[in-house]
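Shown next, in structure tokens, is the structure this report addresses.
Computed from heavy atoms alone, side chains included, the values below leave out hydrogens, waters and symmetry copies.
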Amino acid sequence: MRNIRLAWAALIAGITLLWLQAEPILSTYWPFFTLRKTMMQYTGILGIGVMSVGMMLALRPVRVEPWLGGLDKTYRLHKWLGITGLVITIVHWAWAKLPKWAVGWGWLEKPKRGPRAEETVEIFRFLREQRDLAESIGEWAFYAAVVLIAIALIKRFPYQHFFQTHRLMAVVYLLLVFHSVVLMNFGYWSQPVGPVMALLMAGGSGAAVVSLLRKVGARRRALGAITELVHHPDNRVLKVVVKLQDRWPGHDAGQFAFVTFDPDEGAHPFTISSAWQGDGRMFFLIKGIGDYTGQLPGTLQVGQPVTVEGPYGRFGFAGDKNRQIWVAGGIGITPFIARMQALALAPDGKRIDLFYTTSAPDAVFINKVRQRAEDAGVTLHVLVSQRDGRLDARRIAAAVPDWKTADFWFCGPAAFGSALREAFTDQGLPAADFHQELFDMR
């Protein structure tokens, strides 16, 4: 989380400093309409800047994963930038609209505008002629962006419709780029802020085109087919075994992939629940927690084609400590199953305790987890919520007295992980020793 916050703050601060260098706000901006013009430039530049970076992050760039800590963190930053862009563009819209309304209501007096100086640069003359069009396009693109971002944030909105509508953000973004290029202060182009904004908008525009062409992650896709389906009805978990037909780069335990069973539904992220053995086989454990995943046991069939894109993620169990504590909440057991399978093949000598808590126990599923743990030399603690109560930091510390010497790895409900992180860091655990999967498509 620390690197996400740093990246977000650095982007905001960097664009702001570049803008201040081009137009120092320390000067006295008065009357009001001069201040309005200046703030519209600032909010416009800042808004399109954060949207541009957010658009590029939507391409799922693996090169930024090591610094941000995985694609789950990348998507968290993408979400923050989307919200930030929405807030800034609302402020930008308010600076544009509210003063006009105030003039109409008689609260403000609009200054008389003198004749404009003749524009001698041909490209700037052309852009000036597009101002009215750019203002209209920008306004309607703003309204569309508000609706689309709201849909993305409202998780009750079905994923299928979110998947289909969110791609329209690429079109909205390209319209906002046109709006920004035409209306940005021409003087900025000769300052450092101009080339930087040009690079950001060029990168964002390229990403938007890739998205519209449905080429996001295309180089990391592999075709395969379902070879086995095992349904555990008591905990609503479906095991889907896939045999890939294309080359796969391999994956580490804890990584995930975007899996497409139905092109109309789109790709969904699922943790890869098996270690890679170079034979093209992998399996996923999918919990039926929504309309789509809940229907999979009745819709998937052996032999059905599948597209797998990845691998992604940095939940890789790396660390220099010989002691590890794993905590899995519900379907969060999946990366640990993959890791135990890998350890059974190649032990690393670490002492590991795995706490698996579930509110929907399935005897067959739990027995398989026990066998995985035994084969990997992992000490397993199974807690059924209705029988054993809630797992908390106190119970973990009592079971593992030397917990302060361990790395923690958590996968499960976000609030559960945050509570454990806070409890252990309050007792002296370094925050960097608590690793948590944050992946959330929305």
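Between Leu383 and Tyr356, the closest side-chain pair of non-hydrogen atoms is not below 4.5 Å. The shortest distance between side-chain heavy atoms of Val306 and Phe261 falls below 4.5 Å. Looking at Val53 and Met55, their side chains never come closer than 4.5 Å, going by heavy atoms from C-beta outward. Proximity of Trp248 to Val308: side-chain heavy atoms (C-beta onward) are separated by under 4.5 Å at one or more points. Using a 4.5 Å heavy-atom threshold, the side chains of Val237 and Asn235 count as touching. Side-chain contact between Thr334 and Ile272 is absent, with no heavy atoms from C-beta onward closer than 4.5 Å. When side chains are defined from C-beta on, Leu229 does not count as touching Val241, because their heavy atoms never get closer than 4.5 Å. Asn3 has its side chain within reach of Trp67: a pair of non-hydrogen atoms, C-beta onward, lies under 4.5 Å apart.
Side-chain N or O atoms of His92 include none that pairs as donor or acceptor with a backbone N or O of Thr43 at under 3.5 Å. Panel note: side chain Arg220, backbone Pro311; a donor-acceptor pair is recorded below 3.5 Å. Thr358 places no side-chain N or O within donor-acceptor distance of the main-chain N or O of Gly330, the cut-off being under 3.5 Å. Between the side chain of Asn322 and the main chain of Lys350, no donor-acceptor pair closer than 3.5 Å is present. Of the possible donor and acceptor atoms, one in the side chain of Arg221 sits under 3.5 Å from a partner among the backbone N and O of Val216. In this structure, the side chain of Arg36 engages the main chain of Ala96 through a donor-acceptor pair within 3.5 Å. At distances below 3.5 Å, at least one donor-acceptor pair connects side-chain atoms of Gln255 with backbone N or O atoms of Gly313. Proximity of a side-chain donor or acceptor of Thr293 to a complementary backbone N or O of Lys287 within less than 3.5 Å is detected. Within the 3.5 Å criterion, the main-chain N or O of Ile352 finds no donor-acceptor partner in the side chain of Gln324. Side-chain atoms of Arg236 come within 3.5 Å of backbone N or O of Gly288 as a donor-acceptor pair.
Taking the six-membered ring where tryptophan is involved, the planes of Phe258 and Tyr312 are perpendicular, since the angle between them exceeds 60° and thus also 30°. Classified by interplanar angle (parallel below 30°, tilted 30° to 60°, perpendicular above 60°), the ring pair Tyr42/Trp19 is tilted. Below 30°, between 30° and 60°, or above 60°: for Trp140 and Tyr143 the angle between ring planes is above 60°, a perpendicular geometry.
At a cut-off of 3.5 Å, with distance as the only test, no side-chain donor of Asn367 or Gln371 sits close to an acceptor on the other residue. Using modelled atom types and a 3.5 Å distance limit, the side chains of Gln191 and Gln21 yield a donor-acceptor pair.
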Apply side chain to side chain contact (heavy atoms under 4.5 Å, CB included) to residues Val64 and Thr74 and explain how you reach the verdict. CA-CA 8 Å; Val64 304; Thr74 302; 3.9 Å; yes

Checking Tyr188 against Ile45 for the side chain to side chain contact (heavy atoms under 4.5 Å, CB included) test, could you report, in this order, the C-alpha distance in whole Å, the side-chain angles of both residues, the deciding distance, and whether it holds? CA-CA 10 Å; Tyr188 293 171; Ile45 284 176; 3.4 Å; yes

Under the side chain to side chain contact (heavy atoms under 4.5 Å, CB included) rule, what do Leu59 and Val210 come out as? Steps first, then yes or no, please. CA-CA 8 Å; Leu59 294 184; Val210 171; 3.7 Å; yes

Test log, rule side chain to side chain contact (heavy atoms under 4.5 Å, CB included), inputs Glu309 and Thr307: CA-CA 7 Å; Glu309 177 198 329; Thr307 300; 5.5 Å; no

Could you walk me through whether His268 and Tyr292 pass the ring-ring contact (aromatic ring centres under 6.0 Å, His included) check? CA-CA 10 Å; His268 284 251; Tyr292 173 70; 4.2 Å; yes

Apply the test salt bridge (charged side-chain N to carboxylate O under 4.0 Å, His left out) to residues Asp433 and Lys321: give CA-CA distance (whole Å), side-chain angles for both, the deciding distance (0.1 Å), then the verdict. CA-CA 10 Å; Asp433 290 345; Lys321 295 186 177 182; 2.5 Å; yes

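Going from atom CG of Leu354 over to atom CG of Leu380 covers 5.0 Å, rounded to the nearest 0.5 Å. Considering CG of Asn185 and OG1 of Thr38, their distance stands at 9.0 Å, rounded to 0.5 Å. His179 NE2 to Arg131 CZ: the interatomic distance, rounded to the nearest 0.5 Å, is 9.5 Å. Taking CG of Leu46 as the reference point, atom OG1 of Thr84 lies at 8.5 Å (rounded to 0.5 Å). The distance from the CE atom of Met56 to the OG atom of Ser211 is 14.0 Å, given to the nearest 0.5 Å. Here CZ of Arg63 is found 14.5 Å from CG of Leu68. Values are rounded to the nearest 0.5 Å.
Note: Trp95 and Trp101 fail the aromatic proximity criterion, with ring centroids not under 6.0 Å apart. Phe416 has its ring centre less than 6.0 Å from the ring centre of Phe410. Checked against the 6.0 Å centroid criterion, the rings of Trp326 and Phe317 qualify as a close aromatic pair.
Closest of all the heavy-atom pairs between Met201 and Ser180 is SD-CB, 4.0 Å. Looking at every heavy atom in both residues, Ala253 comes nearest to Pro335 through CB-O, 4.4 Å. Among all heavy-atom pairs drawn from Val384 and Pro361, the shortest one is CG1-CG, 3.8 Å. The nearest pair of heavy atoms linking Gly54 to Leu81 is N-CD1, 3.7 Å. Across Glu135 and Leu183, no two heavy atoms sit closer than the pair CG-CD1, 3.8 Å. Nearest heavy-atom pair, Ala338 versus Ser274, reported as atom, atom and distance to 0.1 Å: CB-N, 3.7 Å.
Residues in residues 399-428 take part in these salt bridge (Lys or Arg N to Asp or Glu O under 4.0 Å) pairs, two or more places apart or across chains: Arg323-Asp402, Arg351-Asp402. Residue pairs meeting the ring-ring contact (aromatic ring centres under 6.0 Å, His included) criterion with at least one member in residues 374-405, sequence neighbours excluded, are Phe355-His381, Trp403-Phe424.
Under the 4.0 Å criterion applied to side-chain N and carboxylate O atoms, Glu65 and Lys73 are not assigned as salt-bridge partners.
Taking a 6.0 Å sphere around CD of Gln386, one finds it holds more than 12 heavy atoms contributed by other residues, nucleotides or ligands.
Arg339 pairs in a salt bridge (Lys or Arg N to Asp or Glu O under 4.0 Å) with only one of the listed residues (Asp252, Asp375, Asp348), which is Asp348.
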